[in-house]
Amino acid sequence: MKTKPLFVVALALFIGSALSAQSVEFDTWGKGIKFVSKDSNSTIKASARIQNLMILTSETGEVPTFNGLTRRARLKFDGQAFSPRIKYKIELGLSNRDTKFTSDAQLVGATSRIILDAVVKYNLFKGTDLWFGQTKLPGNRERVISSQKLQFVDRSNVNSKFNIDRDFGFQLRHKYMLGESIIKLAEAISLGEGRNVINTNSGGFDYTGRIEFLPMGEFEGKGDYFGSDLKREESPKLSIGVTGDFNQGAVRQGGQLGKLMVDSTGAFVESDLTSILADMMFKYQGVSFMAEVAYKESSRGNYTDFNGNAFRQGFGYNGQLGYLFKSNYEIAGRYTRIMPLSGMVSAIDHTEQFTLGVSKYFKGHNLKVQTDLTYERALTTIFANEKLIFRLQTELAF
C-alpha cells in the first residue's frame with residue numbers, strides 16, 4: 001500500500017515546519033515534545049509509543065501456541081490552535097492490529113485504517129466543551145482509559161464484548177462543582193458505524209449519554225482515568241459512572257464493532273442495540289479498585305444472519321484490585337464473567353476469567369513492564385475449553 005510511505009513524507013514535512021516555531025520543549029520523559037508558536041497562541045505536542053507483546057496459550061486438548069507481536073505502535077499530536085478555547089487531538093495507529101484489512105471494506109474502503117482519533121474541541125463557555133470528529137464515545141471507563149495506561153496487559157472480556165468504542169460525530173462535555181464534589185456529563189450523537197467509515201450512513205444514528213459523580217473531589221493527575229494508584233492518593237477518591245447508549249439501525253454485531261450482519265442477498269441487516277454500562281474507580285494510598293457491569297440487547301431477538309452470525313446481547317461484570325508498592329512494583333487480581341441473555345442467540349459466550357498481574361513502573365505508564373496469567377473456562381454443563389494465557393508486555397512512550 002502507498003498509505004504509509006506518503007504518511008512518512010507528510011510527517012517529515014510536518015516536523016520540519018514545526019521546528020521553525022519559536023520554542024521547543026522536552027520537559028521530561030513521557031510528556032512528549034512540545035512546539036510553541038511565536039505568539040504563544042498555538043501549540044503542538046508530538047508523542048509516540050510502542051507496545052511489544054508475547055503470548056503463550058495452552059488450551060485443553062490443544063498444542064500450546066506462542067505468539068509475539070508489536071501490539072500497538074502509535075503517533076499522537078495534540079494542542080491548541082490559535083486560542084486556548086480551540087484544542088485538537090490526532091492519533092494514528094501503525095501496527096498491523098490497528099491497520100489490518102477487514103471484511104468491512106464496503107464501509108471503510110480497502111485501505112489501511114490508520115486514523116484512530118481526529119477531533120477538534122471547542123470551549124463554548126466555562127465547564128462546557130463541544131467536540132467534533134472521530135474519537136472515543138463516552139462509554140465504559142475501561143475503554144476510555146488509554147491502552148497505554150492499563151493496570152493489566154490488556155482490557156477485560158467485558159470491554160471486548162460490550163464497549164461502544166470510537167465513532168464519528170458530535171459530543172458535549174460538561175463539568176460542574178458541588179462544593180468539594182464534582183459531576184461530569186457527556187452527550188454524543190454519532191453515526192453508529194465505528195471508525196473510518198466512508199460509505200453512506202446505514203440505519204439511524206447512535207445516541208450516548210454519560211454521568212459521573214466524584215463525591216470526594218478530583219483525583220490527582222486525572223487518576224480516575226488511568227490504572228493503578230501511581231499518584232498514591234493522600235485521601236480516598238471515588239468516581240462512579242453510568243452510560244446509556246442507543247444505536248439505531250446498527251449493521252455490525254456490536255454496533256461500532258464486530259462483523260457486518262447481512263442477508264442472503266448481501267444486504268445489511270439492521271438492529272437497534274441498547275447498551276447500559278456502569279463503572280467505578282477507587283484509589284487510596286497505593287490501593288486501586290475498579291469495577292464494571294455491562295448489558296447489551298438487540299431488537300432482533302434471536303436473529304441469525306446468512307453467515308450464521310448473531311448480534312451481541314448479554315451481560316457481564318468485571319472487578320480488579322491492585323496494590324502499588326513503594327518500589328513501584330504492583331500486584332493485581334481481576335475477575336471477569338460474560339454471558340448471553342437467557343434464551344437468546346448471541347455472539348457472546350458464557351465464560352469466566354481469573355487473572356493475576358505483576359507490573360514494574362519505571363516511569364509511570366510511559367515506561368513499564370507488565371505480565372499477567374489468565375485462567376479461562378467456559379461455563380456450560382460440562383466445563384470445557386479450559387485455557388491458560390500468559391502474557392508479557394513492555395510499554396515505551398515519550
### Task
Let me see the working for Tyr122 and Arg85 under side-chain contact (heavy atoms from CB on, under 4.5 Å), right down to the final yes or no.
CA-CA 6 Å; Tyr122 180 69; Arg85 298 182 66 182; 3.5 Å; yes
### Query
When you look at Glu376 and Asn157, which way does the side-chain contact (heavy atoms from CB on, under 4.5 Å) test go after all the steps?
CA-CA 10 Å; Glu376 177 183 298; Asn157 246 355; 4.1 Å; yes
### Message
Between Glu91 and Arg195, is the salt bridge (charged side-chain N to carboxylate O under 4.0 Å, His left out) condition met? List the steps.
### Response
CA-CA 12 Å; Glu91 185 167 357; Arg195 66 184 180 96; over 6 Å; no
### Task
Check the pair Glu193 / Arg252 against salt bridge (charged side-chain N to carboxylate O under 4.0 Å, His left out), numbers first and verdict last.
CA-CA 7 Å; Glu193 313 285 13; Arg252 298 182 195 264; 5.4 Å; no
### Task
Using the side-chain contact (heavy atoms from CB on, under 4.5 Å) rule, take Leu137 and Gln171 through it: C-alpha gap first, then chi angles, then the decisive distance, then the call.
CA-CA 8 Å; Leu137 291 173; Gln171 297 188 30; 4.0 Å; yes
### Query
After noting the C-alpha distance and the side-chain angles of Arg143 and Asp165, does the key distance pass the salt bridge (charged side-chain N to carboxylate O under 4.0 Å, His left out) rule?
CA-CA 7 Å; Arg143 182 64 188 95; Asp165 204 59; 2.8 Å; yes
### Task
Check the pair Phe152 / Gln370 against side-chain contact (heavy atoms from CB on, under 4.5 Å), numbers first and verdict last.
CA-CA 7 Å; Phe152 292 86; Gln370 292 184 294; 5.6 Å; no
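Among residues at least two apart or in separate chains, side chain to side chain donor-acceptor pair (under 3.5 Å) pairs with a member in residues 283-296 are Asn140-Glu292, Gln151-Ser288, Ser275-Lys296, Tyr295-Glu297. Evaluation of the side chain to side chain donor-acceptor pair (under 3.5 Å) test over residues 300-309, restricted to residues two or more places apart or in two chains, returns none.
Residues that satisfy the side chain to side chain donor-acceptor pair (under 3.5 Å) test with Lys387, not counting sequence neighbours, are absent from this structure. Applying the side chain to side chain donor-acceptor pair (under 3.5 Å) test to Asn318 and every residue at least two apart in sequence or in another chain returns Gln320, Thr336. The side chain to side chain contact (heavy atoms under 4.5 Å, CB included) search around Met339 returns Phe315, Tyr317, Arg337, His350, not counting sequence neighbours. The side chain to side chain donor-acceptor pair (under 3.5 Å) check on Tyr207 picks up nothing, with sequence neighbours excluded. With sequence neighbours left out, the side chain to side chain contact (heavy atoms under 4.5 Å, CB included) criterion links Ser42 to Ser37, Phe82. For Phe390, the side chain to side chain contact (heavy atoms under 4.5 Å, CB included) partners are Met54, Leu56, Thr371, Leu373, Leu392, not counting sequence neighbours. Ala310 is linked by a side chain to side chain contact (heavy atoms under 4.5 Å, CB included) to Val345, counting only residues two or more places apart in sequence or in another chain.
When the options Asp206, Asp98, Asp117 are evaluated for a salt bridge (Lys or Arg N to Asp or Glu O under 4.0 Å) with Arg166, the one that passes is Asp117. Here the rule is side-chain hydrogen bond (donor to acceptor under 3.5 Å, both in side chains) with Ser147, and of Arg49, His365, Arg71 only Arg49 fits it.
Between Tyr335 atom OH and Glu352 atom CD the span is 3.5 Å, to the nearest 0.5 Å. Put simply, CE on Met290 and CE on Met280 are 10.5 Å apart, with the number rounded to the nearest 0.5 Å. The distance from the CG atom of Leu388 to the OG1 atom of Thr57 is 9.5 Å, given to the nearest 0.5 Å. Taking CD1 of Ile338 as the reference point, atom NZ of Lys161 lies at 5.5 Å (rounded to 0.5 Å). Between the CZ atom of Phe132 and the OG atom of Ser190 there is a distance of 12.0 Å, given to the nearest 0.5 Å. In this structure, Lys76 NZ and Ser47 OG are separated by 5.0 Å, a value rounded to the nearest 0.5 Å.
Proximity of a side-chain donor or acceptor of Glu142 to a complementary backbone N or O of Arg155 within less than 3.5 Å is not detected. Under the 3.5 Å distance criterion, the side-chain polar atoms of Trp131 are left unmatched by any main-chain donor or acceptor of Tyr88. Using modelled atom types, one side-chain atom of Gln313 and one backbone atom of Gly301 make a donor-acceptor pair closer than 3.5 Å. Asp263 places a side-chain N or O within donor-acceptor distance of the main-chain N or O of Ala267, the cut-off being under 3.5 Å. A donor-acceptor pair under 3.5 Å is formed between the side chain of Thr43 and the backbone N or O of Gln80. Without hydrogens or angle criteria, Glu212 side chain to Gly241 main chain gives no donor-acceptor distance under 3.5 Å. In this structure, the side chain of Glu220 does not engage the main chain of Lys231 through any donor-acceptor pair within 3.5 Å.
Within the 4.5 Å cutoff, no side-chain heavy atoms of Lys121 are placed close to those of Thr135. With contacts defined as side-chain heavy-atom distances shorter than 4.5 Å, the pair Asp272/Phe246 qualifies. Between Val158 and Val293 the shortest side-chain heavy-atom distance does not fall below 4.5 Å. Residues Leu53 and Arg391 have side chains in contact (heavy-atom distance under 4.5 Å, counting atoms from C-beta outward).
Within 6.0 Å of NZ in Lys184 there are more than 12 heavy atoms belonging to other residues, nucleotides or ligands. Shown here is Lys31, whose NZ atom has no more than 12 heavy atoms of other residues, nucleotides or ligands within 6.0 Å.
Linking Ile, Leu, Val, Met, Phe, Trp and Tyr residues whenever their side-chain heavy atoms come within less than 4.5 Å leaves Leu92 and Val119 in two separate clusters. With hydrophobic clusters built from ILVMFWY side chains whose heavy atoms lie under 4.5 angstrom apart, Phe289 shares a cluster with Ile240.
Tyr361 belongs to a hydrophobic cluster whose remaining members, ordered by chain and number, are Phe226, Leu230, Leu324; membership requires side-chain heavy atoms of ILVMFWY residues under 4.5 Å apart, directly or through intermediates. The hydrophobic cluster of Phe306 has no other members, since no ILVMFWY side-chain heavy atom comes under 4.5 Å of it. Other members of the cluster containing Leu257 do not exist, because no ILVMFWY side chain is joined to it at under 4.5 Å.
Taking both residues in full, the closest heavy atoms of Ser146 and Lys136 are given as CA-NZ, 3.9 Å, listed atom of the first, atom of the second, then distance. The two residues Glu218 and Ile182 have their closest heavy-atom pair at CG-CD1, 3.0 Å.
Salt bridge absent: Glu330 and Lys368 never bring a charged side-chain N and a carboxylate O closer than 4.0 Å.
Side chains of Asn366 and Gln148: a donor-acceptor N/O pair is present below 3.5 angstrom, by distance only. For the 3.5 Å distance criterion, the side chains of Arg72 and Gln51 qualify, holding a donor opposite an acceptor.
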